[in-house]
Structures are given as C-alpha cells and as structure tokens.
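Lettering of chains follows the sequences in order, A, B, ..., and the numbering in each one begins at 1.
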Amino acid sequence: MDEAIAISLFSLLTLVCVVVFHLGSVALSRIARTPIPSGTRSLSLILLIIVGGLGLWRLLDPGIGATFTRCSPPFLRFSAISLYLSGCLIYFEVQSLLSRGYSLRILVDLLDSGGSARLEDLKADYGGGMGIRGILGKRLRGLARLRLVRFEEERVGPLTSLGMAFAMVGSRIRQVLNLGSVG
Amino acid sequence: MPNSVINSVIAGTGTFLLLHVAVWRARPSNSPRMFLLFLLAATGAGISVIVDVWLTGFRGLELFAVLCFELSAITLYFFVYAGLARSVSITLLSWLLSSGDRLVTLDTLADRYESSSRFEDRIRLMHNSGFLVLSDNSATLTRKGAALAHLAKALGRVIGDGLRG
C-alpha cells in the first residue's frame, strides 16, 4: 500500500501546483493591471491541467528509476491520473461557481442590499444591476462564443448543429431525470 | 489494466446511475438534491468494492485503483449533473431548439424567463436550505446565508474578477 500512498501524494502535489500556478497568474495580472478575459483564463487553466497531467504521467514512469515513484503494477499510473483529474474537475467546478454562480450571486446581491430586499427588486437588480435580461444576454454571448448559437444585435438563433446536439442531449436527460422547471 | 478493475468500476458506476434515474423518476423535484446524489454515489462506490473483492479477493492496490476510477467517474458525472440541474444556458438552448430556424429576440426570451417561476424557485430552494428567510414577498439573509455570501465574494476576488453571476 506504500505505492498507493505515494501515488495519492504525487497526484495531490501536482494538483496543488496547478492551482497555485493558476491563482498566481490571476494575482499577477491583477498587480500588472492587465485583466485577462475569462475565456483566456479558462483556456490557460485547461492547458495547465494538461501539462500537469503529462508531468505526473512522466514522473510515474517505471523506467525513470526512482524507487519511490515506480508504479508497480503499471495500472497505478492510470489511477494517479484519474485521481489528479478528479481534483482538477472539482477545482474547475468551484472556480465556475465562484465566478458565475447564479444562486450565490443572489445571496451576494442580498448582502449588498443590507441583508434584505423585495423579491421584485432582487430580480430587477440581479448581478449588481444586470437584471434577468442581463444574465440571459451574458449566457447567450457565452453560448455564441462556443459556437452553439448565433447572437447578434439582440436577435438570437438559430442554433448551430453543435448547439442543437447539446440542446437535444440536455433536454432529453432533463426529461429522463424528471427535472421539470429548472435552470 | 486488469479486467476485474474495469468490471468493478462499470458495476459501481452503473448501479449509481440506475439508482439515480430510478429515484429521480419516482420522486421528481426541482431541488438538485446533491446530498442524496452523494449517498447514491457512495452506494455505487461500495458496490464496485464488493464486486472487486468478489472477483479477485482482497487486493489492496486493485481496490485502490477501483476507488480512484470510481471517484473520477462520479466526479465527472457530478460536474455534468450540476449543469443539467441548474444551468440557465441549457434552458436557453432547449427553448431555442423548440423555435427551430426562427430568430427570437432577447426580450422574448427574457419575458419568457421572467414569467416562469425559475427565479422564485431558486429563492425558495435557498429558503429551504436555510440561507435566507422568505416573508411577505421579501427575502432576508440568515447568518448562514450572510457567511456564505461573504465567503463567495472574497473567494471570487481571489480566483478572478469576482462573482458576477
């Protein structure tokens, strides 16, 4: 079981390095007053994750020679990568929640209103004044950047083939899971 | 890769997904029910361990591998489920799918969204979770909700441009 502990530690260390690098780049861009667009930030995080994964894979190569990293049996290398990727997914999800979380933002709006607000005001001023129209516009611009839909000058549609595929799969799974009025 | 590891992970993940679909269809709810989902996932992980032990006896390293793969499969599903259960983007995509080739204005989508109860459902879920209190058409943060809001604001600034929604 020493190998299992070593693998867990190396996977965790690699994940910590990726997170530290990512947070460091965000901090540096803030200090240098050069804001990085969120799309570029996400892409750089994905690249960091890939580089981290490749580094971990190489580190655990049985041929390298260091006994404490030698993966025997070899399928433990895949275990290390899967553990590392689980951690990366969790970080990605937390990061997404902390930048785009709809419900979390409602709580922050309430906090900024002194802790209490009427429901109509919460809705109208959602996201620091964006409102429902603002959040839908923001989401549509994101979908357009991902080439899922056309969105120009307040006119939306039609869906691209990729957008249709996502929409069909998403709707179908919501139907199967009986998720009625969500989102 | 030993077949027993693959078979165990398939058995565990399959059990989790079957239980998930069965429970969600038998008892529909707009709440994401993450804790229940976590319990079902733990059941699936338990099944994968039992299957692996049944197939190969108690081998520590293989069990470790099974748990690692099970964890990554479950984490990936949670990631997808979070989008399915709460995503405004998926809602917009499904509305646009039903519009076919017709162009729709942002105002039309906004009116449709506002006339649905989606925003109010989120408020109600947060009331049920103890983050705010609903009364007379207004919402008030609880201490738990205020603490979460403060934390989200602070962490949002650390990881990027802050929590924008």
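- With chain B as the partner, the residue from A:Leu83, A:Val19, A:Leu122, A:Leu110 showing the most heavy-atom pairs under 4.5 Å is A:Leu110.
- Using a 4.5 Å cut-off between heavy atoms, B:Glu120 touches chain A through its side chain atoms alone.
- Residues A:Leu85 and B:Ser72 form no side-chain contact, since every pair of their non-hydrogen atoms from C-beta on lies 4.5 Å or further apart.
- Within a 6.0 Å sphere centred on CZ of A:Phe151, heavy atoms belonging to other residues, nucleotides or ligands number more than 12.
- Among A:Lys123, A:Met164, A:Met130, the residue with the largest count of heavy-atom pairs under 4.5 Å with chain B is A:Lys123.
- Contacts with chain B were tallied for A:Pro158, A:Gly157, A:Ser79; A:Ser79 has the most, counting heavy-atom pairs under 4.5 Å.
- Both the backbone and the side chain of B:Ser94 come within contact range of chain A, each with at least one heavy atom under 4.5 Å from a heavy atom of that chain.
- Looking only at heavy-atom pairs under 4.5 Å with chain A, the residue among B:Leu132, B:Leu76, B:Asp107 that has the most is B:Asp107.
- With contacts defined as side-chain heavy-atom distances shorter than 4.5 Å, the pair A:Leu119/B:Leu134 qualifies.
- When heavy atoms are compared at a cutoff of 4.5 Å, B:Ile159 approaches chain A by way of both its backbone and its side chain.
- Around the CZ atom of A:Arg174, the shell of radius 6.0 Å holds more than 12 heavy atoms that belong to other residues, nucleotides or ligands.
- Linking ILVMFWY residues whenever their side-chain heavy atoms come closer than 4.5 Å, directly or via other members, leaves B:Leu17 and B:Leu39 in distinct clusters.
- For B:Phe69, the parts lying under 4.5 angstrom from a heavy atom of chain A are both the backbone and the side chain.
- To the nearest 0.5 angstrom, B:Ser138 atom OG is 9.0 Å from A:Glu120 atom CD.
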**Report entry** A:Leu140/B:Leu109 under side-chain contact (heavy atoms from CB on, under 4.5 Å): CA gap, chis, key distance, verdict
**Finding:** CA-CA 10 Å; A:Leu140 286 168; B:Leu109 290 172; 3.9 Å; yes
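- Look at B:Lys153 and A:Asp112 and you find a salt bridge, because one of the NZ, NE, NH1 or NH2 atoms lies within 4.0 Å of a carboxylate O, short of that distance.
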Requested in this report: Go through the steps to decide whether A:Ser103 and B:Arg122 satisfy the test side-chain hydrogen bond (donor to acceptor under 3.5 Å, both in side chains), and finish with yes or no.
Outcome: CA-CA 7 Å; A:Ser103 302; B:Arg122 279 182 191 261; 3.1 Å; yes
Query raised in the report: Do A:Ile132 and B:Glu114 pass the side-chain contact (heavy atoms from CB on, under 4.5 Å) test, and can you show the C-alpha distance, the side-chain angles, and the key distance before you say yes or no?
Result: CA-CA 7 Å; A:Ile132 296 296; B:Glu114 292 208 34; 3.9 Å; yes
Requested in this report: Might you work through the side-chain contact (heavy atoms from CB on, under 4.5 Å) test for A:Arg139 and B:Leu92, ending with a clear yes or no?
Outcome: CA-CA 9 Å; A:Arg139 294 292 190 266; B:Leu92 289 170; 3.9 Å; yes
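- Note that CG of A:Leu104 is 8.5 Å distant from CZ of B:Phe131, once rounded to the nearest 0.5 Å.
- Of the two parts of A:Leu143, only the side chain, counted from C-beta on, holds a non-hydrogen atom closer than 4.5 Å to a non-hydrogen atom of chain B.
- Using a 4.5 Å cut-off between heavy atoms, A:Met168 touches chain B through backbone and side chain atoms alike.
- More than 12 heavy atoms of other shown residues, nucleotides or ligands fall within 6.0 angstrom of atom OH in B:Tyr81.
- Heavy atoms of A:Arg150 lying under 4.5 Å from chain B are absent altogether.
- Looking at B:Thr142, neither its backbone nor its side chain comes within 4.5 Å of chain A, counting heavy atoms on both sides.
- The parts of B:Asn137 that come within reach of chain A are both its backbone and its side chain, each placing non-hydrogen atoms under 4.5 angstrom from that chain.
- Per-residue heavy-atom pair counts under 4.5 Å with chain A were compared for B:Thr108, B:Thr140, B:Leu67, and the maximum is reached by B:Thr140.
- When heavy atoms are compared at a cutoff of 4.5 Å, B:Ala82 approaches chain A solely by way of its side chain, counted from C-beta outward.
- Residue B:Arg86 touches chain A through both its backbone and its side chain, counting heavy-atom pairs closer than 4.5 Å.
- B:Leu84 pairs with exactly one of A:Ile173, A:Val176, A:Val169 by the side-chain contact (heavy atoms from CB on, under 4.5 Å) rule, that one being A:Ile173.
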Requested in this report: Apply side-chain contact (heavy atoms from CB on, under 4.5 Å) to A:Val149 and B:Leu96, showing your working.
Outcome: CA-CA 9 Å; A:Val149 71; B:Leu96 292 168; 3.7 Å; yes
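- In this structure, A:Ser99 OG and B:Arg157 CZ are separated by 14.5 Å, a value rounded to the nearest 0.5 Å.
- Most heavy-atom pairs under 4.5 Å with chain B, from the set A:Leu148, A:Asp109, A:Val108: that is A:Val108.
- Residue B:Ile90 holds its CD1 atom at 7.5 Å from OG of A:Ser171, rounded to the nearest 0.5 Å.
- Put simply, the side chain of A:Glu93 does not reach to within 4.5 Å of the side chain of B:Phe78, judged on heavy atoms.
- When side chains are defined from C-beta on, B:Thr105 does not count as touching A:Val156, because their heavy atoms never get closer than 4.5 Å.
- Between chain B and the options A:Gln95, A:Arg118, A:Arg30, A:Lys138, the largest number of non-hydrogen pairs under 4.5 Å is found for A:Arg30.
- By number of non-hydrogen pairs under 4.5 angstrom with chain A, the leading residue of B:Asp121, B:Val158, B:Val66 is B:Val158.
- For B:Arg118, the CZ atom counts as densely surrounded, since its 6.0 Å shell holds more than 12 non-hydrogen atoms of other residues, nucleotides or ligands.
- Residue contact with chain A, scored on non-hydrogen atoms closer than 4.5 Å, is absent for B:Leu125.
- Using a distance-only test at 3.5 Å, with no hydrogens or angles considered, no donor-acceptor pair links the side chain of A:Asn178 to the main chain of B:Pro28.
- Note: B:Phe119 and A:Tyr102 have tilted aromatic rings, judged against thresholds of 30 and 60 degrees for the angle between ring planes.
- Cluster annotation: B:Trp54 and B:Ile6 are assigned to distinct hydrophobic clusters (Ile/Leu/Val/Met/Phe/Trp/Tyr, side-chain heavy-atom contacts under 4.5 Å, transitive).
- Residue A:Leu97 touches chain B through its backbone alone, counting heavy-atom pairs closer than 4.5 Å.
- Remark: of the listed residues A:Arg155, A:Glu152, A:Glu154, A:Arg155 is the sole one forming a side-chain contact (heavy atoms from CB on, under 4.5 Å) with B:Leu103.
- Residues A:Ile7 and B:Phe64 form a side-chain contact, since some pair of their non-hydrogen atoms from C-beta on lies under 4.5 Å apart.
- Residue B:Arg27: no heavy atom, backbone or side chain, is found under 4.5 Å from chain A.
- Contact annotation for A:Asp121: neither backbone nor side-chain heavy atoms come within less than 4.5 Å of a heavy atom of chain B.
- Residue contact with chain B, scored on non-hydrogen atoms closer than 4.5 Å, involves the side chain of A:Arg41 exclusively.
- The hydrophobic cluster containing A:Leu15 also contains A:Ile49, counting ILVMFWY residues as joined when their side-chain heavy atoms lie under 4.5 angstrom apart, directly or transitively.
- The contact between A:Gln175 and chain B is made entirely by backbone atoms, counting heavy-atom distances below 4.5 Å.
- Heavy-atom pairs under 4.5 Å with chain B were tallied for A:Leu159, A:Val94, A:Ile135; the largest tally goes to A:Leu159.
- Both the backbone and the side chain of A:Leu177 come within less than 4.5 Å of a heavy atom in chain B.
- Only the side chain of A:Val26 comes within contact range of chain B, judged by heavy atoms closer than 4.5 Å.
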